[in-house]
Each structure stands twice: as structure tokens, then as C-alpha cells.
A.B. asks: 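Just dropping this structure here.
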Amino acid sequence: MMISQTMSDTASIGGPEPSVREITKPEKTRTTLGLVVIGFFWTSGGFYGTEICMNGPPFWILVLCLAMPLLYSLPTALISAELATNYPETGGQCVYVTLACGSLIGAHNTWWVWFSTAVDAGTYPQFIQQSIQQQFPGEIPDEVCEYIPLMVIAFITTINLLGVDWLIRFEIFLGAMAALPCLVFLGYGLPDIKFKPLMDKSGSMPLAAMVSNSLWLYGGFTNLGVLAGECKTPRRSYLFAVAILVPLKILLRFVPFVIAFSIGVPRDATDEAGFFLTLCDDIAGNWLKWWYFAGSIVCFLGFYNAMAVNAERTAFYFIEERYSDTLDRWSKSSYVGQFLFIMPPKGGIRRVYILTVALLECAMVRIDAPLLLQLEMLIYALSAGLFFYSFVYLRLQRTRKFKASRTDPDVAPLLRANDGNLVKPVGLEQGDVKGGDSVDNSEEVYNIGGGNVVAFSMILFPVIAFGMNTVLNFIDKGSKEDGSPFPYFKMVCFVGIIAIGVVANLISNCVERGDYRKIMLAPTYE
């Protein structure tokens with residue numbers, strides 16, 4: 001089922017009425033293992049790069065590390081699984097917000113998601129550079145180190161250009177190589193846990209940074225829906241992904257901090273990229289230190305790849321919804337056009353999206369990573385709010401639709417297809433049923449998050465946390481020490497990014513409609 005049909009079905013029962021043309025869709029090539037592996041990097045990836053939190057007070061850092069999985073990660077994971085199962089389209093939360101809020105707000109949300117994802121991706125090549133410089137101090141010229149982030153971007157971009165088969169194999173390799181050193185570290189470090197140092201409430205990390213970094217450490221589950229349209233079996237894949245990734249998130253975020261704070265390392269060393277390398281050397285020896293170092297490089301490659309895939313699919317959804325026919329024509333215009341714009345026959349997306357994201361990341365790596373993380377969470381707060389609202393709206397619409405199916409003659413025909421048999425909930429194709437058989441699923445609504453009252457209560461903490469994060473970052477003036485080039489840098493960027501989205505949407509509507517007077521009056525794309 002195309003997204004246009006999904007939208008029309010939703011609109012017919014009282015929702016907004018976005019009209020979106022049918023688009024060229026990627027092939028369903030992503031298996032359950034493939035989703036779990038890339039989800040591992042979206043949601044955890046180990047504890048590489050978490051040194052930034054070690055300057056915080058141990059007691060409060062650990063409190064956040066216990067509260068966030070239950071109050072933030074788990075609810076978000078269940079919500080993402082439910083939405084991805086019921087609306088399996090490439091684009092994830094961009095699709096859900098468009099369904100719930102209409103195409104105008106959906107377009108702005110897609111811009112915010114795309115930009116915040118690109119900002120996040122820009123941090124990982126920098127972490128690789130910092131790790132290498134920390135491990136080989138003075139041995140590599142600074143002129144060479146400056147090009148490390150660009151080499152990382154070029155390498156990952158090449159893998160993505162080779163096709164989805166190469167990409168999935170590469171992700172599985174990265175996942176295995178990144179997880180093993182972390183698990184070995186935990187095994188060696190558990191006997192050294194001491195409880196007294198964990199009660200220390202002193203630290204130099206500002207509250208705004210602590211909240212932003214906690215949301216960053218325990219976020220990522222909203223990204224799971226991005227690949228729903230490329231999964232062979234969405235329901236099974238997402239249930240397995242949540243069951244595996246949430247416990248793994250807790251294991252690889254909370255326990256390493258407990259070990260690190262127990263051992264006790266001088267605070268002036270905790271913000272360095274090689275902090276956990278030092279711990280590996282202390283608790284097991286030089287062999288684990290080098291293995292962990294190799295794992296950290298592999299993990300940061302996986303992080304960057306996962307966020308680049310997210311940014312590429314977000315751009316795919318936004319552009320294909322509007323200009324799919326144009327890009328199809330360009331793909332037949334020349335050899336260059338064929339290379340850039342053709343849809344790969346074995347799955348994946350047009351190469352132009354991959355190259356565009358790569359060029360953007362070349363600019364992002366010039367901004368300090370800690371500042372990028374705080375800026376990302378500030379921008380993403382807007383999309384997070386819309387994501388949770390969309391969950392509530394679509395849950396209510398879907399529930400009302402299935403209750404009305406037996407009694408309302410205007411609604412019942414919407415649920416009937418394939419010679420009168422009822423199909424799966426809106427968004428699921430008949431082909432998703434095993435063997436392609438038609439089945440009566442009138443009672444089968446995939447409410448993975450539980451009943452409405454329970455499900456809606458799950459969003460309270462995430463919404464409050466994102467609101468608190470936004471307020472704290474807005475009032476944070478910033479300083480040269482944290483990478484801010486001028487006072488209130490984050491606030492200025494936040495407002496500027498929203499303004500760019502407004503201008504881009506105006507231009508897009510001008511091109512689409514050819515009538516500037518209707519730009520702000522009609523939120524749909526005919």
C-alpha cells in the first residue's frame with residue numbers, strides 16, 4: 001500500500017486530509033537481523049564516546065541512567081514499534097507526523113528530523129579523530145589528523161553507494177566487532193564495583209548539558225521506524241528489535257558508568273576520548289586496551305553509518321513525496337543522471353541522497369562535537385513533541401476506525417480489499433500476510449504499547465524531559481570553553497534552522513503550485 005492510500009484512509013475518518021502522490025518505494029530487503037544491527041547503533045553501540053558524561057556528579061548521572069531506560073527508552077521503543085508495524089513506510093516519524101498533522105507541518109518536521117540527524121552524524125567522525133590522536137599523541141601530524149573525519153565520511157559513503165547488500169553485511173560486521181570488547185570490559189570490571197564512590201554528588205557538568213547528554217545516551221528508538229518500509233516482516237522484526245535493544249541499552253549504558261565511578265579516575269581526565277581506554281588497561285591489561293580502541297573506531301563508524309542512513313531515508317521521504325516523477329525522468333536523461341537518480345533494483349535509495357548527506361557532513365565535522373550534541377537535542381525537541389502527539393492521534397484514529405468498521409457503512413468499505421476480505425490495519429500491505437493469503441484481521445490492531453490509558457501515560461516523562469531540555473538550553477548562554485563561537489549560539493542556531501525550514505517550504509510550494517498566494521493557505525500537495 002502506498003503512503004497516499006494510507007493517508008486517504010486516515011483522513012476519511014476525521015483526520016487531516018493530506019493528498020500525496022504515489023512514490024517510488026525501496027525494495028523490502030531488510031531482515032530482522034539487519035534491523036536489530038542498525039538499531040544497535042541507533043540506540044546504543046556500546047559505551048564508546050560516553051566519556052563526556054564522566055564530569056557529571058556520579059550519583060545524579062547514575063540516577064538518570066536508571067530512570068531514562070524505564071521512563072524514556074522503553075516507552076519510545078514500544079511507540080516506535082507500534083507505529084512502524086501499523087504504518088510500514090520508509091521515513092518513520094516523518095510519515096507519522098504527516099499522517100497526524102497534515103503535509104505542511106509534516107514538511108517542517110521532516111526538515112527538523114533531517115537536520116538534527118545530520119548534526120548527530122557529524123559528531124562521530126570527530127570522535128574517531130579524537131580517539132586516534134589520544135592513542136597516538138604526537139605521532140600523527142596535525143595536518144593529517146584534520147583529514148581523518150573526511151576520510152571516514154568518504155569510506156562510509158562508498159559502502160552505501162555499493163548497494164544495500166554490502167551495507168547490511170557491513171553493519172553486521174560492525175555490530176559484532178563493536179559489542180565484543182564492551183562485554184569483555186564489563187566482565188573484568190564487575191568485581192571492582194564499590195558503592196561509596198557512587199554516592200558522590202559533586203561534578204562540573206552544567207545541568208543543561210547533563211539533561212541533553214542523558215537524552216542523547218538513551219534516545220535513538222524513534223529512529224527505528226525509518227526502515228519500516230524496507231523490512232520484509234515489520235511486525236516480527238520490530239518486536240524482536242525492542243526485546244533485544246532495550247535490555248542491551250541498559251547493560252551498555254548503566255554498568256560501565258558504575259565501574260568507572262567505582263574505580264575512580266581523576267576528574268581532569270574524564271572528558272578525554274581515551275578515558276575508558278585507561279580503565280581497560282587498569283582492569284585487564286594492554287591487550288584489552290588495544291581491543292577496546294579498535295572496537296571504538298569500529299563503533300563510531302557504525303554510529304556514523306546508522307545516522308547517515310537515517311538522514312538519507314528522511315531526505316528520500318521528503319523529496320520523493322513531491323518530485324518522484326521528476327527524478328525518474330532525470331534518471332533516464334544521461335549517464336550522470338542514471339548514476340545519481342536511478343532507484344537500485346535490489347533495494348536501497350537513489351545515490352543522490354547518499355552524496356548530499358555526505359557533503360553536508362563534511363561541513364558538520366568543522367563544529368565541535370559537544371556543541372553539536374546539545375544543538376541536536378534542542379532541534380530534535382520539536383520533532384519529538386510532534387512524534388508523541390502523532391502516536392496519540394493515530395492510536396485514537398485507528399481504534400475508532402476498527403470499532404466503527406462493523407456498524408458504520410461509510411467506514412467499513414475502507415477496510416475491505418482483495419475480494420471483500422478484511423486486511424491488516426492501515427499501513428500494512430496484504431502481501432505482508434504470510435503466503436500472501438487474505439485473512440480476517442478486523443480485531444487485530446497492533447497496540448504494542450498496551451491500552452490507551454497506559455500507552456498515553458508513557459509519553460508524559462519524555463515530553464517533560466524534552467521540554468526541560470529546551471528551556472535549559474535556551475537560557476544557557478554558552479562560553480568559548482564549550483565551543484560556542486558567540487553568546488547564545490544554540491538559541492540563534494535553533495531560530496535560524498526553523499527560519500530556513502519556513503523559507504524552504506515556501507520555495508517548495510512555489511515550485512509545486514506556481515502560485516505564491518496559496519503557499520500558506522493550503523497545507524496539502526495535490
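The first residue of the sequence shown is numbered 1, and numbering continues consecutively from there.
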A.B. asks: Report the relative orientation of the aromatic rings in Phe41 and Phe303; use parallel for angles under 30°, tilted for 30 to 60°, perpendicular for over 60°.
C.D. replies: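 Perpendicular, since the angle between the ring planes exceeds 60°.
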A.B. asks: So do Trp166 and Phe170 actually touch side chain to side chain, heavy atoms under 4.5 Å?
C.D. replies: no
A.B. asks: Testing the 3.5 Å rule here: is there a donor-acceptor pair between the side chains of Tyr124 and Glu361?
C.D. replies: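 Side-chain D/A pair, Tyr124 to Glu361: absent.
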A.B. asks: Return the orientation label for the Phe276 and Phe185 ring planes: parallel under 30°, perpendicular over 60°, tilted otherwise.
C.D. replies: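 The rings of Phe276 and Phe185 stand perpendicular, inter-plane angle above 60°.
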A.B. asks: With a 4.5 Å cut-off on side-chain heavy atoms, are Asn310 and Asp120 touching?
C.D. replies: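 No. Closest side-chain heavy atoms not under 4.5 Å.
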A.B. asks: What's the separation between atom CD in Gln338 and atom CZ in Arg351, rounded to the nearest 0.5 Å?
C.D. replies: 8.5 Å
A.B. asks: Please determine whether the number of non-hydrogen atoms from other residues, nucleotides or ligands lying under 6.0 Å from atom CH2 of Trp287 exceeds 12.
C.D. replies: yes
A.B. asks: Within the 4.5 Å heavy-atom criterion, are Ile172 and Arg169 side-chain neighbours or not?
C.D. replies: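 A side-chain contact is absent here, since even the closest heavy-atom pair is not under 4.5 Å.
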A.B. asks: Take the angle between the ring planes of Phe136 and Phe293 and call it parallel below 30°, perpendicular above 60°, tilted in between.
C.D. replies: perpendicular
A.B. asks: Is the backbone N or O of Ala100 less than 3.5 Å from a side-chain atom of Tyr389, with the two atoms forming a donor-acceptor pair by type?
C.D. replies: no
A.B. asks: So for atom CH2, which belongs to Trp330, do other residues, nucleotides or ligands contribute more than 12 heavy atoms lying within a distance under 6.0 Å?
C.D. replies: no
A.B. asks: Does Thr31 reach the main-chain N or O of Gly34 with its side chain, forming a donor-acceptor pair under 3.5 Å?
C.D. replies: yes
A.B. asks: Could you measure the distance from the CD atom of Gln129 to the CE atom of Met151? Nearest 0.5 Å is fine.
C.D. replies: 9.0 Å
A.B. asks: Do Phe40 and Ile244 make a side-chain contact, defined as non-hydrogen atoms from C-beta onward lying under 4.5 Å apart?
C.D. replies: no
A.B. asks: Given 3.5 Å as the limit, does a donor-acceptor pair link the side chain of Ser80 with the main chain of Phe221, or not?
C.D. replies: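 Yes: the side chain of Ser80 pairs with the backbone of Phe221.
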A.B. asks: Got Asp142 and Gln133 here, is their nearest side-chain heavy-atom distance under 4.5 Å?
C.D. replies: yes
A.B. asks: I need the minimum non-hydrogen distance between Tyr353 and Ala315, along with the two atoms involved.
C.D. replies: CE2-O, 3.7 Å
A.B. asks: Looking at Met307 and Thr117, what are the two nearest heavy atoms and their distance?
C.D. replies: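 Looks like O-CG2, 3.2 Å.
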A.B. asks: Would you say CZ of Phe240 has more than 12 non-hydrogen atoms from neighbouring residues, nucleotides or ligands within 6.0 angstrom?
C.D. replies: no
A.B. asks: Could you tell me the separation between the CD atom of Gln93 and the CD1 atom of Ile79, rounded to the nearest 0.5 Å?
C.D. replies: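 The distance works out to 11.5 Å.
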A.B. asks: Strictly distance-based, threshold 3.5 Å: is any side-chain N or O of Arg253 a donor or acceptor partner for the main-chain N or O of Ser44?
C.D. replies: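 Present.
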A.B. asks: Might you point out which heavy atoms bring Arg350 and Asp328 nearest each other, and give the distance in Å?
C.D. replies: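 Nearest heavy atoms, Arg350 then Asp328: NH2-OD1, 2.9 Å.
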A.B. asks: How far does CD of Glu171 sit from CD1 of Ile38, to the nearest 0.5 angstrom?
C.D. replies: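 One gets 4.0 Å once the value is rounded to the nearest 0.5 Å.
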A.B. asks: Can you see which heavy atom on Val365 is nearest to which on Gly122, and at what distance?
C.D. replies: CG1-O, 3.7 Å
A.B. asks: Quick one: do Tyr72 and Tyr218 satisfy ring-ring contact (aromatic ring centres under 6.0 Å, His included)? Show the steps, please.
C.D. replies: CA-CA 7 Å; Tyr72 174 45; Tyr218 285 93; 8.0 Å; no
A.B. asks: What's the spacing between Tyr238 OH and Cys231 SG if we round to 0.5 Å?
C.D. replies: 4.5 Å
A.B. asks: Could you state the interatomic distance from SG (Cys145) to CD1 (Ile128), rounded to the nearest 0.5 Å?
C.D. replies: 12.5 Å
A.B. asks: What I'd like to find out is whether the side chain of Thr157 reaches to under 4.5 Å of the side chain of Val357, using heavy atoms alone.
C.D. replies: no
A.B. asks: So Leu251 and Leu183, do their side chains get closer than 4.5 Å, heavy atoms only?
C.D. replies: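 Result yes, sub-4.5 Å side-chain heavy-atom pair found.
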A.B. asks: Using side-chain heavy atoms (C-beta onward) and a distance below 4.5 Å, is Phe387 in contact with Val113?
C.D. replies: no
